[in-house]
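Both ligands and their constituent atoms are indexed starting at 1 by order of listing. On a predicted model such as this, the values are computed, not experimentally measured, just so you know. What's counted below: heavy atoms across the whole structure, side chains too, no hydrogens, waters or symmetry copies.
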Amino acid sequence: MFPMILFLFSLFLSSTHASEQEFCVANLKLPPTPAGYACKDPAIVTVDDFVFTGLGKAGNTSNIIKAAVTPAFVAQFPGVNGLGLSLARLDLAPGGVVPMHTHPGANEVLTVIQGSIVAGFISSANAVYYKTLKKGDTMLFPLGLLHFQINAVGVTSVALVGFSSSNPGLQILDFALFGNDLPTELISKSTFLDPAIIKKLKSVLGGTG
Ligand SMILES: *[C@@H]1O[C@H](CO)[C@@H](O)[C@H](O)[C@H]1NC(C)=O
């Protein structure tokens, strides 16, 4: 009898403890720290902090890459703060591409819900994993690895994307190389690319030097 009471009591203790820690809706009014956002006062948290309504709407693909990512990361969806997950909608118009990029902070899982997408990643051993995904197919992209998505059909393709972080981060390779003022000479020496190609890409992607 006594051990049973002790067991129930410890269950009670652990559940009260858990309820204090069940969520930490981001307080977006305070700046984020390296450890994340401060928690919004639970007394003013509402169901709308846990609901995101933006992913039903197509993103605007009228841009150079003919692609739109609609994020539901912590900055847009404060309820994901501390839960170790977030999501996004990807719209790829015909000819659209999400150029080679990495998410330093998250694994990614992508499910095609319309159209077809060629997607792939490159491991740090430089092994290539790519495939043409059809509607309903899901592909994984491990944390930190370079990867891409390209529309594979003549109509807009759409995917829902999940991340194992509320703030996955993003670095696009071509923008890192050609979208800033890193001198052409240094890019050429560090990438073995022809300076003429570098200057051409800088002019398209907004880089100088
Ligand atoms: C989409 O983006 C383009 C370029 O920024 C802009 O001109 C256009 O008005 C936008 N379309 C919509 C429907 O918001």
> Closest non-hydrogen protein atom to atom 5 (O) of ligand 1, residue and atom name please, with distance?
Replying inline: S62 O, 4.4 Å

> Salt bridge between K135 and D137, side-chain N to carboxylate O under 4.0 Å?
Replying inline: no

>> Under a 3.5 Å threshold, yes or no: a donor from one side chain and an acceptor from the other, between Q171 and H101?
In response: no

>> Looking only at protein heavy atoms, which one is nearest to atom 13 (C) of ligand 1, and what is the separation?
In response: N60 ND2, 4.5 Å

> Between N151 and S157, do the side chains contain an N or O donor and an N or O acceptor separated by less than 3.5 Å?
Replying inline: yes

> Any protein heavy atom lying closer than 4.0 Å to atom 11 (N) of ligand 1?
Replying inline: yes

> Nearest 0.5 Å, what's the CD1-NZ distance between I197 and K202?
Replying inline: 14.0 Å

